[in-house]
Amino acid sequence: MMLLKIDKITKHFGGLAALKGVRFDIGEGEILGLIGPNGSGKTTLINIISNALRPTAGKILFEERDITKLPAHIRLRMGISRTFQHTLFFGSLSAFENVAFGCEFSLEQGWNLFRRFSTRKGMQNNWSKAVELLRFTGLLEAKDKLAASLSHKEQKLLNIAIAMSSRPKLMLLDEPLSGMSPAEVQSTMELIKKIRDDKEVTILLVEHNMKAVVSNCDKLIVLNYGEVVAEGSPQEVVTNINVIEAYLGSETELS
């Protein structure tokens, strides 16, 4: 069943067209890889899906509902969460506090949220949920460490745990593997697949690590200069001559 439909999304920044009529669907339970060169429009598209940006034209349908004009917090409550290229959390709070705050944010808004958070009452209500998410993502032993003191991989996993705290149906992961060693990439991709399989979360993965994307995604979408230049299974995409010429350089880079 189709979960998300991107229908002719266009985004202009002044005279620059960052996205030009982008169209594709994501089915429930898929891991869809969104790839393309730097500047191809990948993060712009994620920002539009999460409502960090408004499209110039086009529509976004989530569970067959038009969400194009809905605010970000409504999309979050409907089941769309995201991570960012650069880690985003409260560095002076512990890993546990960051995840517990995320759990509370899915229930509260505005000043009431910050009042409850500052008194820790809201966090107490979500203690078991936060601990379960930290255990699931492999961060339980680091739960009392300040977020700013965590390793690079741990900070990436913390962002994933925070994104999971709202019980999403769709997670938008923006370069979750950047800066990781091959072993860390493998374990993180195993976690992403576990999120899909165990938590029944659909994944839209923006990533430059081509081997990880080709090995783990069900389908790939390739953007170049704001347009979709290829779509299909990983093997179909990596052997597409337009993709090879526009982005990959040579087919052997993916072997």
Side-chain angles (χ1 to χ4, degrees), residues 1-13 18-19 21-32 34 41-90 97-118 121-123 125-126 129-130 132-133 158-176 192 195-196 199-206 221:
M1 183 179 296
M2 186 269 291
L3 182 66
L4 183 79
K5 183 179 184 65
I6 304 300
D7 187 13
K8 298 181 181 178
I9 288 294
T10 296
K11 179 61 179 178
H12 291 150
F13 294 100
L19 295 172
V22 172
R23 303 178 65 173
F24 63 86
D25 300 340
I26 305 177
E28 286 186 359
E30 284 187 336
I31 299 178
L32 186 147
L34 181 62
K42 303 183 300 296
T43 296
T44 298
L45 182 57
I46 282 190
N47 285 338
I48 287 173
I49 297 171
S50 62
N51 198 34
L53 290 172
R54 288 288 183 92
T56 304
K59 294 193 301 184
I60 304 169
L61 302 179
F62 183 69
E63 295 183 318
E64 300 184 349
R65 179 181 175 184
D66 189 346
I67 65 168
T68 313
K69 297 182 180 180
L70 293 182
H73 72 275
I74 297 297
R75 299 187 196 193
L76 179 67
R77 291 189 178 187
M78 290 178 66
I80 301 175
S81 69
R82 68 167 297 180
T83 65
F84 295 82
Q85 286 184 21
H86 305 289
T87 49
L88 186 64
F89 44 68
F90 296 100
E97 289 171 321
N98 271 277
V99 178
F101 181 77
C103 294
E104 189 66 17
F105 187 81
S106 65
L107 301 174
E108 296 291 333
Q109 293 296 318
W111 288 110
N112 193 40
L113 165 68
F114 292 98
R115 178 184 62 78
R116 287 162 61 91
F117 178 66
S118 64
K121 290 181 180 178
M123 292 177 64
N125 295 334
N126 288 288
K129 181 182 174 184
E132 192 277 329
L133 286 173
L158 179 59
N159 271 352
I160 292 175
I162 293 169
M164 292 178 64
S165 66
S166 61
R167 295 187 177 95
K169 299 174 184 177
L170 171 67
M171 286 180 62
L172 315 173
L173 302 180
D174 198 354
E175 299 190 23
I192 290 171
I195 293 170
R196 188 269 306 272
K199 302 297 185 180
E200 298 181 341
V201 178
T202 301
I203 306 292
L204 175 57
L205 174 66
V206 172
I221 302 290

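At a threshold of 4.5 Å between non-hydrogen side-chain atoms, the residues L32 and L205 do not count as touching. Side-chain contact between K169 and I80 is absent, with no heavy atoms from C-beta onward closer than 4.5 Å. Side-chain contact between I195 and I203 is present, with heavy atoms from C-beta onward closer than 4.5 Å. Side-chain contact between R82 and M171 is absent, with no heavy-atom pair separated by less than 4.5 Å. Contact of the S81 side chain with the L76 side chain is registered, since non-hydrogen atoms from C-beta on lie closer than 4.5 Å. Using a 4.5 Å heavy-atom threshold, the side chains of L3 and E63 count as touching. With a 4.5 Å cut-off on side-chain heavy atoms, I49 and L204 count as touching. Taking the side chain as every heavy atom from C-beta outward, K129 and V99 never approach each other to under 4.5 Å.
Between the K11 side chain and the R54 main chain, a donor and an acceptor come within less than 3.5 Å of each other. Distance alone, capped at 3.5 Å, places no donor-acceptor pair between the T68 side chain and the K59 backbone. A side-chain donor-acceptor contact under 3.5 Å links R75 to the backbone of I67. Judged by distance alone, the side chain of T56 and the main-chain N or O of H12 form a donor-acceptor pair under 3.5 Å. At distances below 3.5 Å, at least one donor-acceptor pair connects side-chain atoms of T202 with backbone N or O atoms of G29. K5 places no side-chain N or O within 3.5 Å of a backbone atom of I60 that could act as its donor or acceptor partner. Put simply, the side chain of N98 gets close to the backbone of F90: a donor and an acceptor are under 3.5 Å apart.
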Going through the distances and angles, do F84 and L172 end up as a side chain to side chain contact (heavy atoms under 4.5 Å, CB included)? CA-CA 9 Å; F84 295 82; L172 315 173; over 6 Å; no

Step by step, would you call E132 with R167 a salt bridge (Lys or Arg N to Asp or Glu O under 4.0 Å)? CA-CA 12 Å; E132 192 277 329; R167 295 187 177 95; over 6 Å; no

Check step by step if side chain to side chain contact (heavy atoms under 4.5 Å, CB included) holds for I48 and L19. CA-CA 10 Å; I48 287 173; L19 295 172; 3.8 Å; yes

Begin from the C-alpha positions of F62 and L70 and carry the test side chain to side chain contact (heavy atoms under 4.5 Å, CB included) through to its verdict. CA-CA 11 Å; F62 183 69; L70 293 182; over 6 Å; no

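Smallest separation of non-hydrogen atoms from P168 and V201: O-CG2, 3.4 Å. A pairwise comparison of heavy atoms in S165 and G102 identifies OG-C, 3.1 Å as the closest pair. When all heavy atoms of P176 and I192 are compared, the pair lying nearest together is CG-CD1, 4.2 Å. Among all heavy-atom pairs drawn from G58 and I9, the shortest one is C-CD1, 3.7 Å. For N51 against A72, the heavy-atom pair with the smallest separation is ND2-N, 3.3 Å.
Crowding of K69 atom NZ: a count of heavy atoms from other residues, nucleotides or ligands under 6.0 Å not exceeding 12.
Between the CE atom of M2 and the CD atom of E64 there is a distance of 5.5 Å, given to the nearest 0.5 Å. Distance OG1/T83 to CD1/I162: 10.5 Å, rounded to 0.5 Å. Expressed to the nearest 0.5 Å, how far CD of Q85 lies from CD of E175 amounts to 4.0 Å. Within the model, atoms CD1 of I46 and CG of L34 stand 6.5 Å from one another, a figure rounded to the nearest 0.5 Å. In this structure, the separation between CG on L88 and CG on D174 is 11.5 Å, given to the nearest 0.5 Å. Distance check: R65 CZ to L61 CG gives 11.5 Å after rounding to the nearest 0.5 Å.
Electrostatic pairing of R196 and E30 does not count as a salt bridge here, judged by no charged N lying under 4.0 Å from a carboxylate O.
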